[in-house]
Protein chains: 2
Amino acid sequence: MNKRKKATIHDIASKLGITASTVSRALNNHPRISDATKKLVTKAAKDINYQPNNIAAALRNGKSRLIGIIVPTVNRNFFSSVVRGIEEIANQLNYKVIISQSYENFEQEVQIVDTLLSARVDGIIMSISKNTENFEHLDRVKEKNIPLVLFDRITDSVEVNQVVIDDYMGAYKTVEHLIANGYKRIAHFTNPRKINIYSERMRGYIDALKAHGMEYDQNLVIESNMQLEDGQQCVKTMLDQGLEFDAIFSSSDYAAMGALQALKERGIAIPAQVGLAGFGNEPFTSFTTPSLTSVDQVSIPMGNVAAELFFELLKADPKKYVPQKTVLKPDLIIRESSTRTPSKPNSTPNSK
Amino acid sequence: MNKRKKATIHDIASKLGITASTVSRALNNHPRISDATKKLVTKAAKDINYQPNNIAAALRNGKSRLIGIIVPTVNRNFFSSVVRGIEEIANQLNYKVIISQSYENFEQEVQIVDTLLSARVDGIIMSISKNTENFEHLDRVKEKNIPLVLFDRITDSVEVNQVVIDDYMGAYKTVEHLIANGYKRIAHFTNPRKINIYSERMRGYIDALKAHGMEYDQNLVIESNMQLEDGQQCVKTMLDQGLEFDAIFSSSDYAAMGALQALKERGIAIPAQVGLAGFGNEPFTSFTTPSLTSVDQVSIPMGNVAAELFFELLKADPKKYVPQKTVLKPDLIIRESSTRTPSKPNSTPNSK
DNA sequence: CTATATTGCGCAACCGATTACATTCAATTT
DNA sequence: AAATTGAATGTAATCGGTTGCGCAATATAG
């Protein structure tokens, strides 16, 4: 009998000869309920294996205590770490998280937004897909006054809270480091889709070159989809075309990894002949030979900040709240792939 | 005005001078509603930016079309791929997924189960935490007749649907492969917690040795927590203690990676002097030097199967449904770390 | 010893969609 | 022309908590 129907507060109530409202208040520790009945109620609840129905509460309250998270994929250290950072804060406040993956697919992303809105999440924290160029779905979220926070992959076409790292500075520091290690012709791998992160990194690359009196050569900027295979292919093409370069700064660790493999395959010594640096500090970067210099995106703190902004927004009056943009400082993690004996620049020909 | 309150079917109804029930039926494409009104309703819905309230529907229907997924962490290729496999099937059937992470923490796991039950998910698909030894929370799920499917990290103390790979066979084939490459003293890294996956792999290890007339030496079985650092430490200890071995079969890719680093650090050639194989086929295994032989856990198919079992269970009569256990065949991915010139066994003395 | 507060709990409406059971009206049958 | 049928929609209860308001009983004040 109690197999099919789940226990409700009404069951508890009739068992104790009181009303459901009293049970509800008792369970919620309402001050106007005596300790005696509170004890009775909690005991009865345990006895009949009562499980609160959050659906009912959510319907009545208009809030579900759920945060929707949308990421391109969870199968990337960066994203899963941000999620963890969000969860840390959310769990403390007794909020739960629904994670959804867009798989870099725009239609999917739009669909997920609708699903989350229908699921009546209290808000959304997301990083947009690479292929998203239309932001009406985000507008719809804003129109409904649902709190929205963007991180890492952001857009300025919607006024919302944003958390990013200083991609510009990350790139700048990396290139500066390469220059300090004596590299003269630094190539740059980037993505043709000019979402914020890639364009910022490219700005940093260019400015760092200029700041050190090096010319910016368009031929050294190689566009691709930035996956492992792309990195391999780019290097091969560069070598086959006789392009002169002695370092690569890749906006993606995966492409950097591909570059590393291709260079090794062609017998080019890293870091002696060619220096290499990636972006993202994926865990495998410390496993490669040589280990890969990369930029750490402080993912957990980013998740923390995103969640904090979210809750700020949740409490605020949407009319007078002005969206904020938080910029975190990335860390350059220097490893073997870019470290040459301090002042032995020009040690490798190739460029000359 | 429509800023604060979200649109409901009642708003649509009064706008059109009909009732909410008609609107509901129109939106659900009920056959008894005329095409004319259906068109009117869908148009009006679009006009006022109506978003169905799944919470209300879920309350009324008793089903949320949500599946709860619990994994130790999503930041592991295996788990995130299984999730993807589940999503593939679930999305086709218009079900959504709530992903939660236990972070290998028992209390957290119990808490998540309660939260999901309260959120009234239609069922749960999970892989239990390493530290879970008490399964009452799973019993509670079963008692409530909530569909439950376990994958990879399972337990036999609860009668539920299970999906696993044949860990025994994966290990057996790996060890056989090592033997075929001439390795004679094969060590095994395992976890002291004897959850199914580790004990099965160990059985496979032992049986493969015996089947090839090699003695099983307890000293060659090393227990640790199987993280990167543990792998490093184990190898160092083995070397320092003068333990004779010429191959390592690790139940974890991470520990195998640590072993690889430690061996290289000590100047031991892989695979020439020591062969190495891991388990899990984490992406980084193909990035290392030498690349790491490992066992692929067919994660996406595992997710597919788990989801299929789930929906089977969802439709079935809980009284007469008998739980099933599906066993998938893993793939041994042979890479450099275990491949020596075919028949040149004993080429390396090892200990000295 | 009244008058006012406070405590403890019940009443009933409500959240938004769904659906079994009418009801209406026109078309079809007899 | 009355009766039957069926199409199209309305009525109202329901899912399970939550909460403003009210009322009785007890406590405190004056």
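In what follows, every chain begins at residue 1, and chains take the letters A, B, ... in the order their sequences are listed.
Among the protein residues, A:I55 comes within range of no part of the nucleic acid, since none of its heavy atoms lies under 4.0 Å from any strand.
A sub-4.0 Å separation between OP1 or OP2 of D:dA12 and a side-chain N or O of B:S21 is absent. Using a 4.0 Å cut-off, no side-chain N or O of B:N54 falls inside it from OP1 or OP2 of C:dG16. The side chain of B:T37 places no N or O atom within less than 4.0 Å of a non-bridging phosphate oxygen (OP1 or OP2) of D:dA8.
Looking at residues 22-29 of chain B, you'll see B:T22, B:R25 sit with a heavy atom under 4.0 Å from some atom of DNA chain D.
In this structure, the CD1 atom of B:I9 is 13 Å from the C1' atom of D:dA12, given to the nearest Å. Rounded to a whole Å, the CZ atom of B:R32 is 13 Å from the C1' atom of D:dG10. Nucleotide C:dC15 holds its P atom 19 Å from the CG atom of B:N61, rounded to whole Å. Separating the CG atom of B:D35 from the C1' atom of D:dA8 is a distance of 12 Å, rounded to the nearest angstrom. Between the NZ atom of A:K39 and the P atom of C:dG8 there is a distance of 13 Å, rounded to whole Å. Atom NE2 of B:H10 and atom P of C:dC14 are 12 Å apart (whole Å). The separation between B:I12 atom CD1 and C:dA17 atom C1' is 11 Å, rounded to whole Å.
Judged by atom type and distance alone, A:R60 reaches the base of C:dC14 through a side-chain donor-acceptor pair under 3.5 Å. Side-chain to base pairing of A:T19 with C:dC11: no donor and acceptor N or O lie closer than 3.5 Å to each other.
Both the sub-6.0 Å distance and the 45° axial angle are satisfied by A:R84 relative to the ring of B:Y103.
A side-chain donor-acceptor contact under 3.5 Å links A:N75 and B:N77.
In A:Q111, the CD atom is not crowded: 12 or fewer heavy atoms of neighbouring residues, nucleotides or ligands sit closer than 6.0 Å.
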* Full working for side-chain contact (heavy atoms from CB on, under 4.5 Å) between B:T132 and B:F106 -> CA-CA 5 Å; B:T132 298; B:F106 171 67; 3.7 Å; yes

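Checking D:dA8, C:dC9, C:dT18 against the side-chain heavy atoms of B:A57 singles out C:dT18 as nearest.
In terms of position along DNA chain D, the nucleotide closest to B:A20 lies nearer the 5' end than the nucleotide closest to the other residue of the pair B:A20 and B:L59.
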